[in-house]
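Just below is one structure, and these are the notes that go with it.
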Amino acid sequence: MDCRSFLDRLEALLDETLGDDAGRAAEEHLRECADCRQLVELARTEPDGTAIDLPDNLTGSILERTSGSACETARDRLCDYVDGSLSGIDAELVRLHLDGCEPCEGLALALVSLAGELPTMAEIEPDSAFVSDVVARTVPWRRRLARRLEKLTAIRELWPRVVRRPRFALEGAYVGTLVLVLIFGPNLPLAGVPQKAIDMIRARPLVESERARDGIARFEGQVVSSARDIWEATGGEVAAGSRRVATDLAQRYERTDETRSDLGRRVGELVDAARDADPGAASTALRGIGSDLGTLWERLASNESEERDNPVRR
Amino acid sequence: MRRFQARIYGLAFHYLRDSEEARDVAQEIFIQIYRKLDSFRENENPVPWMLRVGRNLCIDRLRRLKARPPAVDIPAEEASELTASGPSPEAAAETEVQRRLVYRALDGMTDKNREMILLKEIQGLKLDEIATLLKEPLGTIKSRSNRARIELATRVRALDPSYGA
């Protein structure tokens, strides 16, 4: 039997109306539970008007056993109480509990402080380059390339000024020496390569140079032979085509002799009209020039030889 | 972007608790927001929408980080070196001790409870917005929020019994 069941049967126990089995269970519980034993002793004491020494926290102990922990109940409602969203009677009960319970009161104070503190932690300012970095990651690659090219242009403009400085030669020599030492220096992968190259050249200089000369001569012979083959295959046709074009151009020029003569005459008339300040004659001369130019173009563009050769097409 | 950068960076920092990772993820969040602008409705509050995008990316990064060896975990000290955008420098200096205390208390919390504190108390989302975000019933979110607040208050009081007095 637990304390709750015992308390349910307490009145029957005091009235001695409890059954045998229930009585035995209650007696057994009393032997094990000091709080309930103390409660029964108090209940059996005859009230004689003298003050009774109650055990510490008797009410709390009984309430805890019957209704659960007051602190747990209060803490379930503590957030709503701090937020002011708890209804009247519940808020009053929590307030009364807090008045008598130091740990729960401290917890409520902490909740109030946190409610003010936490929202201020929402924003943390990143460093000043944050926005530019994001923008750099969002712009298309063409714009990024353009920006890099701008930087390259700036470097190119800076380069002549760097070169013109008096100490540039000294710096160049220093850097060059450093590079050579870093590449071919002792204990490096390319160490000894220059010496090996020199040794190789010293060992077989004549043989290698003759072999190279023979190779170049063979290559030259192949190039000349290929060029001759190409000319023989296509040179005749190219020459004949060139002759045809030249003949055609000459014929077209001859066909415009008469028109060119008329055009020269019209230009002379226009000059005379301009000199005499005669608008009518100038207008006539201009119309004649326009007509002659049209005729000139038609004769240059027309293919009279083909038309003569193929009269059926007309 | 300048208007929300501190908010987004703050969210990323509280999830990841590492300034470099937070900076990187915050950039990704803005890029993602930029790409998803078409899906944002004009009459909608932008903050929950941005925080939803941000939370997803932070959780993705956390999953990837968990596959790696654990990082050095000194969030409280690191956080105290960051500049808060809200209060003035003087006020920030005054609250620095308390803030460090809160960071330490947050570090000891479970992931779920810390996320509740982050979304509701720090970022200021409403309970129904958190319920939508986490796809949980509103009642569950409310009770979890209360439990998280009590846990945080208990931890803070354990670190400093005079806190709030």
Side-chain angles (χ1 to χ4, degrees), chain A residues 68-87 90-91 94-95 97-99 101-141 143-144, chain B residues 1-2 4-14 19 22-24 26-31 34-35 47 79 82-87 91-92 95 98-99 101-103 105-106 117-118 120-124 142-143 145-150 152-157 160-165:
Chain A
S69 166
C71 288
E72 279 181 20
T73 309
R75 286 178 189 189
D76 285 344
R77 293 165 172 77
L78 206 52
C79 292
D80 291 336
Y81 176 76
V82 169
D83 295 342
S85 58
L86 208 59
S87 63
D90 286 336
V94 173
R95 192 188 64 76
H97 176 77
L98 294 182
D99 284 347
C101 180
E102 199 175 334
C104 288
E105 187 191 18
L107 213 53
L109 291 172
L111 282 171
V112 172
S113 286
L114 286 170
E117 176 78 18
L118 291 172
T120 65
M121 293 161 59
E123 296 188 347
I124 300 173
E125 201 66 54
D127 58 89
S128 56
F130 181 80
V131 174
S132 57
D133 286 353
V134 175
V135 171
R137 287 173 68 170
T138 52
V139 293
W141 67 270
R143 284 171 62 190
R144 264 184 279 169
Chain B
M1 187 163 73
R2 289 185 194 282
F4 293 110
Q5 65 176 19
R7 191 87 182 259
I8 293 296
Y9 180 66
L11 177 87
F13 180 79
H14 286 120
S19 57
R23 191 179 187 281
D24 194 45
Q27 290 185 7
E28 279 186 30
I29 292 170
F30 275 111
I31 292 167
Y34 173 73
R35 286 178 182 154
V47 174
L82 296 167
T83 309
S85 65
T95 59
Q98 282 197 340
R99 180 161 294 182
L101 195 71
V102 175
Y103 274 116
L106 278 168
I117 295 292
L118 170 58
K120 182 170 182 295
E121 307 302 323
I122 296 179
Q123 293 295 337
K142 182 170 169 52
S143 59
S145 166
N146 285 348
R147 275 202 306 274
R149 287 173 72 185
I150 294 290
L152 180 62
T154 308
R155 285 182 181 278
V156 170
R157 292 277 295 179
D160 178 11
S162 67
Y163 182 85

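Order of the sequence lines sets the chain letters (A, B, ...), proteins ahead of strands, with each chain counted from 1.
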Honestly, the part of B:L106 sitting under 4.5 Å from a heavy atom of chain A is side chain
Using every non-hydrogen atom in the two residues, find where B:I150 and A:R75 come nearest and quote the distance to one decimal. CD1-O, 3.8 Å
Given heavy-atom pairs under 4.5 angstrom as the criterion, report whether the side chain, backbone, both or neither of B:I8 touches chain A. neither
How long is the span from the CD atom in B:E121 to the SG atom in A:C79, to the nearest 0.5 Å? 8.0 Å
If I compare all heavy atoms of B:Q27 with all of A:F130, which pair ends up nearest, and what's the gap? CG-CE1, 3.6 Å
Below 4.5 Å from any heavy atom of chain A, which atoms of B:A22 appear? Answer side chain, backbone, both or neither. neither
I'd like to know if the side chain of A:E125 pairs up with that of B:Q5 as donor and acceptor (distance under 3.5 Å, no hydrogens or angles considered). yes
B:R7 versus chain A, the contacting section by heavy-atom distance below 4.5 Å: both
Distance-minimising heavy-atom pair for B:A6 and A:P126: CA-CD, 4.2 Å
Kindly give the heavy-atom pair with the smallest separation between A:S113 and B:Y163, and that separation in Å. CB-CE2, 3.6 Å
Please assess A:D83 against B:R149 for the test side chain to side chain contact (heavy atoms under 4.5 Å, CB included), listing each intermediate value before the final yes or no. CA-CA 12 Å; A:D83 295 342; B:R149 287 173 72 185; 2.8 Å; yes
Run the side chain to side chain contact (heavy atoms under 4.5 Å, CB included) check on B:H14 and A:I124 step by step: do they pass? CA-CA 10 Å; B:H14 286 120; A:I124 300 173; 4.1 Å; yes
Ranking A:D80, A:L78, A:D76 by heavy-atom pairs under 4.5 Å to chain B gives rank one to A:D80
Atom CZ in B:F13, atom CD in A:E123: separation rounded to 0.5 Å? 15.0 Å
Chain B interface, residue from A:L109, A:V112, A:V82 that has the most non-hydrogen pairs under 4.5 Å: A:L109
Do A:L114 and B:I117 pass the side chain to side chain contact (heavy atoms under 4.5 Å, CB included) test, and can you show the C-alpha distance, the side-chain angles, and the key distance before you say yes or no? CA-CA 10 Å; A:L114 286 170; B:I117 295 292; over 6 Å; no
